[in-house]
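Below is one structure, written out as structure tokens; comments come after it.
One is the number of the first residue; the rest follow in order along the sequence.
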Amino acid sequence: MADTVSRRSFAKIIGAGAAITALPPMVFIANGQTQRGNDLARLHFNENPHGPSPAARKALENVAAVAWQYPGAMRDALVTALAKLHGVSTDHILPGNGSSEILHTAGTTFVTPERGVLVADPTYEALEQYAASAGAPATKVPLNGSWAHDTKAMLATGKQHGIVYICNPNNPTASITPKAAVREAIVKTPPESVVIVDEAYAEYVTSSDYESVVPLVAKHPNLLVLRTFSKIHGLAGLRMGYAIAQPALLARLRARQARNSLNAAAIATSLASLGDQKWLEESLVRNAASRDHAIAELASLGFETIPSHANFFMVNVAREIRPLADAMRAGGVAVGRPFPPLTTHLRVTVGTDAQMEKFLELFRGIVS
Ligand code: PLP
């Protein structure tokens, strides 16, 4: 009987498989595109079109052999590597299914309807959205004239917040908040509030006015630093991010996190990517060259860009960007949506040289 059932369900699976293979090919890998066979330039999600590294690609092939196993041991290996990278012990690292999973867990754990989130305006909106789902409000403080978090004004809100969120570099502006201001914000925030410093784009920054706050975790039990493999590592599609914080703070998140939320492919590729330093450096150089070239071209057309410290930039096009973005999409280039209140600034992810040429050509045609 059991045999019959399993044979029948097996036949069902094969049938489903046949139906799936009959679908038009959805994914093609060349040039990092994932559209249905077209060549849309994806300059809208701050992905890295150069990744993943050759070592990560190899790891992805090899991982098939262990796909049947729960990934506990692999997870431990990644945690060990990350702890070594950041000079902390392994109990200071909590990986997640993208840093989004950590933001979601934190955004629903450390807030109440009375103690919401304190954020810059504009900034990466996910935390605010997750907190809202827990009934917690957001207090928004505009970026200052240098496009940095106005940490003085944030500290002066006078309210108790569940979370103070500092996105550095900031998305969508690609600007940085100077290290002294971030330090002061961490030191002066009351210990009952959790300070989240989101360093998703930290690897791209070369400014001496910037620092990662990972070393401050040792002194501040309420500090949570976020990193991701979605940006410089070029692994956005596989989902891996992590938090660095003191063990007691991480324990509060771990208690709420789904078990086995990580997957073997993401772990294997992330580990391999960490070991491919040369590729990461090349990625950095390529990004800076394409970005600076595009920004210089835009300047020659009279358009000013917010100084960028990441793999994207915001250019002031001095008009509502929606029609411009729609026209670019029709021409095969996807750019960022409007990010209120900056509705005349266009956010553009740095793509390959060919994609940036296509962007510039379209842009010139539309604005001339
Ligand atoms: N934090 C910031 C500032 C981001 O820009 C993004 C993605 O764009 C994320 C977090 C989410 O990254 P992940 O892919 O690790 O979930």
Side-chain angles (χ1 to χ4, degrees), residues 42-48 96-111 116-134 136-144 146-151 154 161-177 181-182 185-186 193-205 210 212-213 223-233 235-236 239-244 253 306-314 321 335-343 345-350:
R42 295 171 57 86
L43 308 186
H44 55 338
F45 288 147
N46 300 346
E47 299 157 342
N48 175 359
N97 192 278
S99 55
S100 295
E101 189 189 21
I102 314 272
L103 276 170
H104 179 260
T105 314
T108 51
T109 298
F110 300 136
V111 298
V117 291
L118 176 60
V119 297
D121 190 25
T123 194
Y124 188 59
E125 292 155 340
L127 181 74
E128 182 191 332
Q129 181 196 327
Y130 301 141
S133 78
T139 304
K140 297 184 179 200
V141 174
L143 296 174
N144 69 20
S146 314
W147 306 103
H149 285 55
D150 191 341
T151 47
M154 289 174 87
H161 306 282
I163 297 173
V164 176
Y165 178 65
I166 298 174
C167 187
N168 201 22
N170 189 47
N171 183 8
T173 50
S175 48
I176 54 168
T177 300
V182 180
I186 293 169
S193 303
V194 174
V195 181
I196 297 183
V197 182
D198 188 337
E199 298 187 343
Y201 303 95
E203 295 92 341
Y204 287 106
V205 189
Y210 177 87
S212 164
V213 296
L223 174 61
L224 186 83
V225 187
L226 295 184
R227 291 290 185 98
T228 181
F229 281 87
S230 298
K231 305 302 174 184
I232 193 135
H233 291 275
L235 292 170
R239 316 304 302 132
M240 178 63 73
Y242 58 103
I244 308 147
L253 294 177
I306 297 173
S308 166
H309 299 267
N311 64 334
F312 61 99
F313 57 82
M314 253 195 163
I321 65 132
V335 290
R337 61 178 170 82
F339 291 94
L342 302 182
T343 53
H345 280 74
L346 186 68
R347 194 191 71 181
V348 183
T349 301
V350 179

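Between atom CG of residue Leu346 and atom CE of residue Met314 there is a gap of 8.0 Å, rounded to the nearest 0.5 Å. Taking CG of Asp121 as the reference point, atom OG1 of Thr139 lies at 11.5 Å (rounded to 0.5 Å). To the nearest 0.5 Å, atom CG of residue Asn168 and atom NE2 of residue His309 are 9.5 Å apart. Rounding to the nearest 0.5 Å gives a distance of 9.0 Å between OG1 of Thr349 and CZ of Phe313. To the nearest 0.5 Å, atoms CG (Asn144) and NE2 (His149) are separated by 10.0 Å. Expressed to the nearest 0.5 Å, how far NZ of Lys231 lies from OG of Ser99 amounts to 8.0 Å.
Put simply, the side chain of Ser100 reaches to within 4.5 Å of the side chain of Arg239, judged on heavy atoms. Here the side chains of Thr173 and His345 are not in contact, with every heavy-atom distance at 4.5 Å or above. Counting heavy atoms from C-beta outward, Tyr204 and Val350 have side chains that stay 4.5 Å or more apart. Looking at heavy atoms from C-beta onward, Lys140 lies in side-chain contact with Glu128 at the 4.5 angstrom threshold. Looking at Val197 and Ile186, their side chains come closer than 4.5 Å, going by heavy atoms from C-beta outward. Between Val213 and Val195 the shortest side-chain heavy-atom distance does not fall below 4.5 Å. Counting heavy atoms from C-beta on, the side chains of Leu253 and Phe110 come closer than 4.5 Å. Contact of the Arg347 side chain with the Asn46 side chain is registered, since non-hydrogen atoms from C-beta on lie closer than 4.5 Å.
For Thr177 against Ala181, the heavy-atom pair with the smallest separation is CG2-CB, 4.0 Å. Pairing each heavy atom of Pro169 with each of Val205, the nearest pair is CG-CG2, 3.4 Å. The two residues Gly116 and Ala136 make their nearest non-hydrogen contact at CA-CB, 4.0 Å. Here the closest non-hydrogen pair linking Ser193 and Val164 is CB-CG2, 4.5 Å. Glu199 approaches Ser212 most closely through the heavy-atom pair OE1-OG, 2.8 Å. Closest approach of Gly336 to Ile321, counting heavy atoms only: O-CD1, 3.7 Å.
Only one option out of Leu224, Leu118, Val111 pairs with Ile163 in a side chain to side chain contact (heavy atoms under 4.5 Å, CB included); it is Val111.
Ring-plane geometry between His104 and Tyr130 is classed as perpendicular, the angle between the planes exceeding 60 degrees on a 0 to 90 degree scale with a lower cut at 30.
Not less than 6.0 angstrom separates the ring centroid of Tyr124 from the ring centroid of Tyr165.
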Would Ser175 and Asn170 count as a side-chain hydrogen bond (donor to acceptor under 3.5 Å, both in side chains) if you check the C-alpha gap in whole Å, the side-chain angles of each, and the deciding distance to 0.1 Å?
CA-CA 5 Å; Ser175 48; Asn170 189 47; 4.7 Å; no
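Between the side chain of Asn48 and the backbone N or O of Ile232 there is at least one donor-acceptor pair closer than 3.5 Å. Here the side chain of Thr228 pairs no donor or acceptor atom with the backbone of Ala200 at under 3.5 angstrom.
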